[in-house]
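Here is the structure we will look at, set down as structure tokens.
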Amino acid sequence: MRNLELYRDSNHLCVLLHETEGNEEEGIHSNQYLILHREEGVLLDPGGFGVMPDVLEAMLDYCTPEQIKAIILSHQDPDIVGGLASWLEITQAQVWISRLWTRFIPHYGLPPKAVERLIAIPDEGARFTWNDGTELELLPAHFLHSEGNFHVYDPTSQILFSGDLGAAEMSSAALSPFVDDFPAHVCQIAGFHRRYMVSHRAVAVWRATLGDRPLSMIAPQHGAIYRGRAITDFLAWIDELPCGVDCLQPGGRFLP
Amino acid sequence: MNRFVPSNLVVLRRDVLCAASALLEEQVRASQAFSAIAKTLHRVHGELANSLAELAGRADADLTVRQLARRCQTLRTTLALVEQHYQADVVRQRDALRALLAAFNESSKVLAQTLVEKDLLDRHRMVLERVVLSYERVINWLPFIEEVLKEFHAIFPFDLFFVAFAEKHGLTAHLFYPGRPTAAQRSDLEPQLVRELLARLNQPFDAAVDLAVHYLDWTPWFGIATAQCYQLLTEKVPDHRSGLAGILGVGFGSPHARVRDRSQRTAPACV
Ligand SMILES: [Fe+2]
Ligand SMILES: [Fe+2]
């Protein structure tokens, strides 16, 4: 699959950058998103080591590395941060990540002085402001699954970039890029969410944070993107899902 | 890049950009590994050098120990030089790779665009001329043109075809859409197209425009949603053939066109 434009108007573009195909990416397949607003770009969760060449090639269709103003990391996992050093070498971008992880990120190996480009997102979230005053909201989604975890809500496109929430463990090469039939999709996400999402309470708190923001899509970091009816179906499903510590049993077992 | 670019050029572009950025990524990692090893070397070597210096400083130190301490000190300087040299090399190579990526990306885009334009103009000049020559000579001009465009669309799936003539009262323009764009898409595209045509025909920007829109209903509309994505290819109507000052051309969507500030768009490459 090639680049997939999720939203475009005359000033604003959201695109799922060319996903790595099939076995090119070892480990779990991931989605990288570019938001381009006028002449400024933001990269979301740019991916692990080895993913950068494909993502960069796809990104060059839209903008140059100099245009990337920020890289926003939903959390600290290697499939998100593993390739960060190279992005810091080829862009001048600032890197936004939860305050919990700014002191751990350098352990991935960053170029000299790159630490100065890290911006610690406070627990309550933050806003990224484009040059013309338009904003992206960095919404707290702690413990879904990481302790310091953020989603990016783009009010212009009304897309929620949800990190690992909603993620499907699958090779997406042969599958549709969108979830249209949620009941058929549940089997791709149930196991992952039960085990990786920390608790029902974390979900409930995140839902209260999200409030009634209009959603055109939920775009996770792995697997297909939710749209239309699948959005409300997914939210209704996750609202009721026992997960993580709710299911934890002595001996390290989890309730099915 | 757009859907009219030859696929082997798309593949070449992807392969070269991926290979160059993979080199860059490997190099970042290699330089990090080197820095980590160099740091350990400095530390261990520093400890050895200090111990030797301490031994050499004793009154009873023999000549060999003093010589070893001196050589160890020299080695420390050499190590620092090697690392400095390596890191400077890394920076040079990284900058060269970055420049290569930028230059190749830009030139492959220009090449792709040139190929599309050349291909279109070379292969279809005859078709375009038939449109022009028939304008005043064929009585049922519209059905005739629609037939010509049907053939043309099969070879080059344009999103928009137009022919415009400057006449005494202003501009007469015929606009042909394969399929039916929405009213919003039309109101996004057409004002810019008209401005462009007036400019190309040296007409005042507020000249009267007689715009006739035609839909070619034998195909659904596949055009791109916003005017920013459009590229226009225009050809002046040769005066000696028609006796009219005119212009005709095609518009085709390039889905990967940049989101750009309207004020910064450059005519006539984009509508
Ligand atoms: Fe994760
Ligand atoms: Fe992930």
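Every chain is numbered from 1 and lettered A, B, ... according to where its sequence line falls, protein lines coming before strand lines.
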With a 4.5 angstrom heavy-atom cut-off, could you sort out which part of A:Ile90 is near chain B: side chain, backbone, both or neither? both
With no hydrogens and no angle check, do the side chains of A:Glu57 and B:Ser21 hold a donor and an acceptor under 3.5 Å apart? no
If you check every heavy atom in residues 40-47 of chain B against those of chain A, which residues fall under 4.5 Å? none
Gap separating the CG atom of B:Leu193 from the CG atom of B:Asp188, nearest 0.5 angstrom: 11.5 Å
Can you list every pair that meets salt bridge (Lys or Arg N to Asp or Glu O under 4.0 Å) and has a residue in residues 94-105 of chain B, with sequence neighbours left out? A:Glu89-B:Arg94, B:Asp95-B:Arg98
Minimal non-hydrogen separation, B:Leu24 against A:Met52, with atom names: CD2-CE, 4.1 Å
Looking only at heavy atoms, which two atoms of A:Ile218 and A:Ser162 are closest? And how far apart? CG2-OG, 3.4 Å
Answer yes or no: does atom CD of B:Gln93 have more than 12 heavy-atom neighbours from other residues, nucleotides or ligands under 6.0 Å? yes
To the closest 0.5 Å, what do you measure between CG (A:Leu6) and CE (A:Met217)? 5.0 Å
Engaged part of B:Ala22 at the chain A interface, taking heavy atoms whose separation is under 4.5 Å: both
If you apply the rule side chain to side chain donor-acceptor pair (under 3.5 Å), what do you find for A:Thr64 with B:Glu106, and how did you get there? CA-CA 10 Å; A:Thr64 62; B:Glu106 206 46 51; over 6 Å; no
Identify the residues of residues 75-86 of chain B whose heavy atoms come closer than 4.5 Å to a heavy atom of chain A, ordered by number, or report 'none'. none
Contact summary for B:Phe176 and B:Pro178, nearest pair of heavy atoms: O-CD, 3.8 Å
Can you name the nearest heavy-atom pair linking A:Gly163 to A:Asp45, along with the distance? CA-OD2, 4.2 Å
Can a donor-acceptor pair be found between the side chains of A:His185 and A:Asp233 at a distance below 3.5 Å? no
Would you mind telling me which of B:Gln32, B:Gln27, B:Glu26, B:Glu25 has the largest number of heavy-atom pairs within less than 4.5 Å of chain A? B:Glu25
Work out which heavy atom in A:Trp130 is nearest to a heavy atom in A:Glu40; give both atom names and the distance. CZ3-O, 3.4 Å
Please list, in residue-number order, every residue in residues 101-114 of chain A that has a heavy atom less than 4.5 Å from any heavy atom of chain B; write 'none' if there are none. A:Tyr108, A:Gly109, A:Leu110, A:Pro111
Side chains of A:Asn11 and A:His37: any donor to acceptor distance under 3.5 Å? no
Does NZ or CZ of B:Arg186 fall inside the cone over B:Tyr177's six-membered ring, less than 6.0 Å from its centre and within 45° of the axis? no
